[in-house]
Amino acid sequence: MIIEPRTRGFICLTSHPKGCEQNVIDQIEYVTSKGEIEGPKKVLVIGASTGFGLASRITSAFGSNASTIGVFLEKPPTEGRPASPGWYNSAYFEEQAHKAGLYAKSINGDAFSHEIKKQTVDLIKADLGKIDLVIYSLASPVRVHPDSGEKFKSVLKPLEGVFTNNTVDFHTGVVSEISIEPGNQEDIDNTVTVMGGEDWGFWIDALQEADVLAPGFKTVAYSYIGSELTEAVYRKGTIGRAKDHLEATAFTITDKLKALEGKAYVSVNKALVTQASSAIPVIPLYISLLYKVMKEKGLHEGCIEQIQRLFSERLYAETTETDEKGRIRVDDWEMRDDVQAEVARLWKEATTETLPTLGDLEGYNTDFFNLFGFKVEGIDYDEDVNEMVEIPGLQ
Ligand code: NAD
Ligand code: NA
């Protein structure tokens, strides 16, 4: 079929297999070009199909020749209807890994459930024995709690009164003011249940009970802090409470890993265009200004550059540097004073008329379509492509 982008709001309903394949190949080439990292050998990535999780899987495999198991929740294709992009990403990642002689298998299902944890544990036991790294990179708006069956929804709300600021519709380029009503305690609780650390802890408990963690085992979950411009809706909002909880969970997990001399980390990553971040109000305007400033200063990174740096210069460096709260920081360039000052200056001037030159709206837009395999360089979008792609090592 010939596949074109069809967008609805913050999402794209279609995805292009060839574009997704090219994205995976480009990421593999980047990691390979940076040389070998003396890193992990047997890795489980939870949320492995897109964004930071996919980049973590690629960096493990192609930076350190690691065997990888990926867990994700993606929609398979049906005749005439393309799969979700993470499906294609995983299919082509596995194809490339197998070509390189690397073990790679995947599990598609709800990572929050007991069933998927059990299936993953069984696969590790059967194929890998013990693993030495777990990356936790889930981003989900909902979670069905595995014990009660209750469904929780996360929300993106401020907590200190009504928050009014500018935002941009990145499809039309229109900058407008929005006001977001503050959340209440129930909103906080729901968001913490979905995006906090409980499930990360459940995963490590399940893996530890099954005795599949190797001595010196590490686990990393991803967090975000960001600027003063976005803190009301992000770090000081409902999602920020979930990130506080995730960061606190790293310490609880580390305590449980003592006998193994294991360690749980949170890595704070930079703001990037992903399916998850496109849905957060105000963030797209911030990102389009941030991209402009960071590109001009030669500091811009995508997911793969971030994760390659995380592995080579933090996690598997001689010493793993952390901040005063024990967190790894690869958002250091985003948070540089000169970068933040410039973004704050541009923020005041950004209007529908000025944003195309002040900000990198085009870069935002391209990155957004790239997530779905569109606007990827070298792809002929008039070509008939097979949407019925299988993931070779899908369990
Ligand atoms: P993403 O949307 O690209 O990836 C989410 C992954 O989770 C996908 O692999 C998806 O299949 C999987 N997933 C979602 N629900 C699932 C479920 N129920 N069961 C199994 N898999 C499921 O998101 P991302 O932006 O890469 O986010 C990953 C983490 O990084 C999040 O914790 C996010 O907060 C954090 N982070 C993101 C940014 C950013 O700017 N995008 C910055 C810093 C940190
Ligand atoms: Na991810």
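Quick note: numbers below take in every heavy atom, side chains included, and nothing from hydrogens, waters or symmetry partners. Note that ligands are numbered from 1 as they come in the structure, with each ligand's atoms numbered from 1 the same way. These figures come from a predicted structure and were not determined experimentally.
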M195, any N or O under 3.5 Å of ligand 1 N or O: no

Would you say ligand 1 has an N or O under 3.5 Å from any N or O of L73? yes

For A271, take its heavy atoms, then give the atoms of ligand 1 lying under 4.0 Å from any of them. 40 (O)

So, regarding E74 and ligand 1 (criterion: nitrogen or oxygen to nitrogen or oxygen, under 3.5 Å), is there a contact or not? yes

One thing to verify: whether R309 and E301 come together as a salt bridge, which I'm taking to mean a side-chain N less than 4.0 angstrom from a carboxylate O. yes

Is the shortest distance from a Lys or Arg side-chain nitrogen in D205 or K256 to a carboxylate oxygen in the other one below 4.0 Å? yes

Please give me the minimum heavy-atom distance between N269 and E334, naming the atom from each residue. O-OE1, 4.4 Å

Restricting to heavy atoms, the pick from Q306, Q275, K243, R143 nearest atom 32 (O) of ligand 1 would be K243

Can you confirm whether more than 12 heavy atoms, excluding those of E186, are under 6.0 Å from its CD atom? no

Run the contact test for L138 against ligand 1 with a 4.0 Å cut-off on heavy atoms, strictly below, and give the result. yes

Per-atom filter on ligand 1: closer than 4.0 angstrom to a heavy atom of N269 are 43 (C)

Do other residues, nucleotides or ligands put more than 12 heavy atoms under 6.0 Å from E228 CD? no

Looking only at distance, does S49 have an N or O less than 3.5 Å from an N or O of ligand 1? yes

Work out whether the distance between some heavy atom of S137 and some atom of ligand 1 is less than 4.0 Å. yes

Test your reading of the model: is there a side-chain donor-acceptor pair from S56 to the backbone of I135, 3.5 Å cut-off? no

Run I328 and T320 through side chain to side chain contact (heavy atoms under 4.5 Å, CB included) and show every step you take. CA-CA 8 Å; I328 298 174; T320 299; 3.7 Å; yes

Quick one: does G109 get within less than 4.0 Å of ligand 1, heavy atoms only? yes

Just wondering, more than 12 heavy atoms not from K295 lying within 6.0 Å of its NZ? yes

Over 12 foreign heavy atoms within 6.0 Å of NZ, K34: no

Under the side-chain hydrogen bond (donor to acceptor under 3.5 Å, both in side chains) test against T219, which residue among Y136, W200, W203 passes? W200

At less than 4.0 angstrom from any non-hydrogen atom of F112, what atoms of ligand 1 do you find? 18 (N)

Given V194, V45, D110, identify the one with the heavy atom nearest to atom 18 (N) of ligand 1. D110

Counting heavy atoms only, which of A139, S223, G47 is nearest atom 14 (C) of ligand 1? A139

Tell me whether F72 has any N or O atom under 3.5 angstrom from an N or O of ligand 1. no

Which of the numbered atoms in ligand 1 are under 4.0 angstrom from any heavy atom belonging to L272? 39 (C), 40 (O), 41 (N)

Other residues, nucleotides, ligands: >12 heavy atoms within 6.0 Å of K236 NZ: no

Within 4.0 Å of some non-hydrogen atom of S140, the atoms of ligand 1 are 15 (N)

Below the 3.5 angstrom mark, is there an N/O of T50, backbone or side chain, next to an N/O of ligand 1? yes

Is the closest side-chain donor-acceptor distance between E247 and S223 under 3.5 Å? yes

Below 3.5 angstrom, do we get any N/O pair linking F52 and ligand 1? yes

Per-atom contacts, ligand 1 versus G51 - under 4.0 Å to a heavy atom: 3 (O), 26 (O)

Between A48 and ligand 1, find which residue part has any heavy-atom pair under 4.0 Å and reply side chain, backbone, both or neither. backbone

Tell me whether K270 reaches ligand 1 (any heavy atom closer than 4.0 angstrom to a ligand atom). yes

Would you find more than 12 non-hydrogen atoms of other residues, nucleotides or ligands less than 6.0 Å from K18 atom NZ? no

Is T274 touching ligand 1 with its side chain, its backbone, both, or neither, if touching means heavy atoms under 4.0 Å apart? side chain

